[in-house]
Novice: 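Sharing a structure, written as C-alpha cells. Questions coming.
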Amino acid sequence: MDSARPPTAPARGHPARGIVVAIDGPSGSGKSTVAREVARRLGLRYLDTGALYRAVTWCALEHRLDLEDPEALAELAERVVLQISTDPADFWLTADGRDATAVIRTRPVTNAVSVVSAVPDVRAHLLRLQRELIGSGGIVVEGRDIGTAVAPDAHVKVFLTASSSARAVRRSRELDGPVDSATDAAAAMSQTRAEIDRRDRLDSSRAAAPLVRARDAVELDSTSLTAEQVVAEVLDMANEITSPHPLPVLGR
Ligand code: DC
C-alpha cells in the first residue's frame, strides 16, 4: 500500500487554501450534495471518489469481466485511464477517453459496485489515484474511507449518516424520478431500500477499508436536517480549523 499521505500544512496563497475536508458515510446520507456545496462555497475543488469505483465497475461490465475474478478486476483498475473533473459546478468523468458521466449512475453499475470496490488491489490502485488528485489539498473529498484510509490527516472529517428509510427516500427520488402511482412509488422505494441495505452491508463488512467512522470524525445525522443545515455545520468546522484566517464563503 502507498504510504504517502496528503500534506497537513496548508499550501500557497490564502493560508487555508491547502485544506482537506473529508466527508464519509453510507449511500443516501446526502454526502454528494453537501460535499459539492461546501466546495463551491469555499472555492475549493471537489472529488467524488465513489465515481472512480463506479467507473471501474462500468468498464468491468462493458468488458464482460467475471465479477468473481478479483485478479481480472485489479488488472482492469490498474490499466484503465480515468479522468475526473474536480470542479464542483461541472462534474464529468471519462474512462479510456469515453464519457462515463451518466452511465456510472445506472442501476446495473450501482448494483455491482460493492463487489468491485471490495477487491483490495482495486482499492490500492484507486487509492493512489485519489491521493494524486488530492495533491496539495484545497479540496473536499467524499467517499467511504477518506477519513480512515485515503486522507487520514484531513483537516476536517465528517461522518454523515441518516436513517435507512430517509436514505431510501432520497435515493429513490434520484434513481426513479416521478412514478405513475402510489403502488409504483412503494414498489420502487422498497427495491431501493433493499439495494441500499445490501450495499451498506457489503461496504461495511468488507475486509479492505470498510465503511467505518474515523475515530476523530464528527458524526452528523442528517435525518431531520436540510442539506443547507448540514452545509452550514461543515462550513463552521472548516472555519474553526482555518481560524484566524478563515476562507471567504461564497453566497448560495
Ligand atoms: O458514493 P457512491 O454510492 O457513488 O459509491 C459507490 C460505491 O463505491 C459504494 O458502494 C462504495 C464504494 N466506495 C468505496 O468503497 N470507497 C470510497 N471511497 C467511495 C466509494
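We count ligands from 1, going down the list as the structure has it; atoms in each ligand are counted the same way.
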Novice: Counting each atom of ligand 1 from 1 as listed, which ones have a heavy atom of Arg123 under 4.0 Å away?
Specialist: 14 (C), 15 (O), 16 (N)

Novice: Purely on distance, is any nitrogen or oxygen of Ser27 under 3.5 Å from one on ligand 1?
Specialist: no

Novice: Under 4.0 Å from any heavy atom of Ser117, which atoms of ligand 1 are there?
Specialist: 12 (C), 15 (O)

Novice: Counting only heavy atoms not in Arg64, do more than 12 sit closer than 6.0 Å to its CZ atom?
Specialist: no

Novice: Among all the protein's non-hydrogen atoms, which is closest to atom 8 (O) of ligand 1, and how far away is it?
Specialist: Tyr53 CB, 3.6 Å

Novice: Counting heavy atoms only, which part of Arg206 comes closer than 4.0 Å to ligand 1: side chain, backbone, both or neither?
Specialist: side chain

Novice: Among Glu37, Arg40, Glu142, which one satisfies side chain to side chain donor-acceptor pair (under 3.5 Å) with Tyr46?
Specialist: Glu142

Novice: Distance to 0.1 Å, residue and atom name: give those for the protein heavy atom nearest to atom 20 (C) of ligand 1.
Specialist: Gly50 CA, 3.5 Å

Novice: Give a yes or no on this: more than 12 heavy atoms of other residues, nucleotides or ligands lie within 6.0 Å of atom CD of Glu228.
Specialist: yes

Novice: Please list the nearest protein heavy atom to atom 4 (O) of ligand 1 with its residue and the distance rounded to 0.1 Å.
Specialist: Arg54 NE, 2.7 Å

Novice: Of all the non-hydrogen atoms in the protein, which one sits nearest to atom 18 (N) of ligand 1, and at what distance?
Specialist: Asp145 OD1, 2.8 Å

Novice: Taking the side chain as every heavy atom from C-beta outward, state whether Pro70 and Asp121 have any pair of such atoms under 4.5 Å apart.
Specialist: no

Novice: So does Gln83 have more than 12 non-hydrogen atoms from other groups sitting under 6.0 Å from CD?
Specialist: no

Novice: For ligand 1, is any non-hydrogen atom under 4.0 Å from Arg199's backbone (N, CA, C, O), its side chain (CB onward), both, or neither?
Specialist: side chain

Novice: If you count the atoms of ligand 1 from 1 in the order shown, which ones are under 4.0 Å from a heavy atom of Asp203?
Specialist: 9 (C), 10 (O), 11 (C)

Novice: Which protein heavy atom lies closest to atom 1 (O) of ligand 1, and at what distance to 0.1 Å?
Specialist: Arg144 NH1, 2.8 Å

Novice: Are side-chain N/O atoms of Thr110 and Arg54 paired as donor and acceptor at under 3.5 Å?
Specialist: yes

Novice: If you compare all heavy atoms of Arg105 against all heavy atoms of Phe91, which two are closest, and at what distance to 0.1 Å?
Specialist: NH2-CE2, 3.7 Å

Novice: Among all protein non-hydrogen atoms, which one is nearest to atom 19 (C) of ligand 1, and what is the separation to 0.1 Å?
Specialist: Thr49 OG1, 3.4 Å

Novice: Centre of Tyr53's six-membered ring, under 6.0 Å away, within 45 degrees of the axis: is that where NZ or CZ of Arg199 sits?
Specialist: no

Novice: Hydrophobic clustering (ILVMFWY, side-chain heavy atoms < 4.5 Å, transitive) - are Ile84 and Val80 grouped together?
Specialist: yes

Novice: Would you mind running through ligand 1 and noting each atom that sits below 4.0 Å from a heavy atom of Ser114?
Specialist: 10 (O)

